[in-house]
Amino acid sequence: MVDEQRSQHLPPEIFVDVVENVPVEASFRRHLESCESCREQLVELEEALTFAREGFGYGTPEEPGVFDPGLRQGVASPEASRKSGPHPYRRTVIALATAAAVVLGMLALFGPAGDPEIDAVSIGVDYLLPPVERDEDYQWLVGLSDLTEPDDATGWDRSITAGSPLSSSVPDIGDLTPAERQRLVEQLAQEMRTSS
Amino acid sequence: MANAPEMLGSMDAGIERLSATEAFDQLVQGHKGKVYGLCYRYSGNHADAEDLSQETFLRAYRGLEGFRGDASLSTWVYRIAVNVCLNWVSSRKPTQEELPPNLVDEGPSPHARLGQRQTEAAVRRAVSRLPERQRMTLVLRVYQELRHKEIADIMGCSVGTAKANYFFALKNLRKMMADGPLQPVEGRA
């Protein structure tokens, strides 16, 4: 089968190999020896190759010493260096993160989450203040009134002793009668004498 | 898989720290001889060769980030140059005279020089009339002296196809040289 094909004529790539002195299979060599048409073809190819080499046979053309200066300037331009930024994957991540931040911001401002009557400022106050019952009409003032109204109005202990471990049942020295104060002073003086 | 800066880095380890223009200069410096030779032999004149070379390097620079390192940087730049040349040919009207005005002025005698110049002119005219891919393959093989495998990589075809293009390029060249008055040839491109 292979020899039948090669009994016709050599394929182009084999001609090229033969012209360039690349070793080919023996069957191709045998065909070439027996086929006058292929031998003529081979001679013509060798002639053509000689012609081709003569066409530009005077060496490497002189290279341009300097390219157009505008080209180097163009390279440095934003248009030319538009792909010199972050890697495409990184650019995609940055773009997605930016888009997500914008969407979250828009949802926080105009989205359906939360009470539609509550504006952005009151939302921020709610996060900062302890949870309180909001008055529907004065929700913004609730936090302020808690700090300004008397204790009995809010129920909060705003006194400077709030949180003190002393019980309110312990008497202050200012609450003693003159006789009690005299007795307390004498008792303390006696303890000091005893300890010294 | 190496990226473009890494491939360029094989030429110059410090390329990643270079500015855009310095990286471009590095790219040009390493390949301008090959690219210019290809463009000159394909276009047949220095003016077009300069334009084609510059277009090649500008495209190469812009595409550096897309260079995946599948082929060598040289093959990649050659491929861009081939595309630039083929696009250039398809976008311009054919001209009857494409020979440079100043052919080589060397030879042992005036008679021999005349014969040599005539032969060169005829060959170059014939080459310029080959089908585009045959012509490009001939230029890459005969003048740029690339291997068939490299040509196949550049042209985006198999080695067998590259050899076949080369074969028909030589065959058509021989036919045009034998026929005398040159006519465009029909052939596989």
Side-chain angles (χ1 to χ4, degrees), chain A residues 9-22 24 28 37-38 40-91, chain B residues 3 19-21 23-25 28 32-33 36-37 39-41 44 46 49-51 53-55 57-58 61-66 100 103-104 106 116 119-127 138-139 141-143 148 159-175 177-178:
Chain A
H9 288 297
L10 295 180
E13 57 268 29
I14 299 301
F15 273 114
V16 171
D17 287 342
V18 173
V19 167
E20 296 179 347
N21 295 318
V22 175
V24 296
F28 291 129
S37 174
C38 283
E40 289 178 359
Q41 181 80 275
L42 188 62
V43 170
E44 289 181 1
L45 287 178
E46 288 170 341
E47 288 177 359
L49 188 55
T50 302
F51 281 135
R53 286 172 176 154
E54 288 178 356
F56 292 89
Y58 46 87
T60 303
E62 184 181 353
E63 298 171 9
V66 178
F67 277 117
D68 183 357
L71 183 64
R72 292 182 80 252
Q73 293 171 3
V75 166
S77 71
E79 172 67 17
S81 59
R82 64 187 186 279
K83 290 184 177 179
S84 62
H87 187 274
Y89 175 75
R90 228 176 299 161
R91 285 200 298 266
Chain B
N3 57 27
S19 67
T21 50
F24 177 74
D25 289 344
V28 171
K32 70 175 182 179
Y36 187 78
C39 294
Y40 174 72
R41 282 152 178 158
H46 287 288
E50 283 192 19
D51 289 345
S53 299
Q54 295 196 19
E55 177 68 16
F57 285 116
L58 194 54
Y61 179 79
R62 286 174 173 169
L64 265 180
E65 194 157 321
L103 291 176
V104 64
E106 296 176 354
Q116 185 178 5
T119 301
E120 288 173 356
V123 169
R124 295 168 74 165
R125 192 178 294 117
V127 169
L138 185 75
V139 169
R141 179 68 187 132
V142 176
Y143 306 122
H148 292 291
V159 174
T161 301
K163 285 185 177 180
N165 276 330
Y166 182 53
F167 169 83
F168 286 107
L170 288 175
K171 189 175 179 182
N172 285 325
L173 179 65
R174 172 66 175 76
K175 183 175 186 301
M177 294 299 291

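Quick caveat: nothing in here was measured; it's all calculated off a predicted structure. Chain identifiers are assigned alphabetically (A, B, ...) following the order of the sequence lines, protein sequences preceding nucleic acid strands; residue numbering begins at 1 within each chain.
Annotation: side chain of A:E44 is not in contact with side chain of B:K175 (no heavy-atom distance under 4.5 Å). Under the 4.5 Å side-chain criterion, counting only non-hydrogen atoms from C-beta, B:R174 is not in contact with A:L45.
Nearest heavy-atom pair across A:P12 and B:A164 is CB-CA, 4.1 Å. Closest non-hydrogen pair, B:K163 versus A:V16, comes out as O-CG2, 3.5 Å. The two residues A:A52 and B:V123 have their closest heavy-atom pair at CA-CG1, 4.0 Å.
With rounding to the nearest 0.5 Å, the separation of CD in A:E13 from OG1 in B:T161 is 8.5 Å. One finds the CZ atom of A:F15 at 14.0 Å from the OH atom of B:Y166 (value rounded to the nearest 0.5 Å).
For the residue pair A:E20 and B:H148, a side-chain donor N or O sits within less than 3.5 Å of a side-chain acceptor on the partner.
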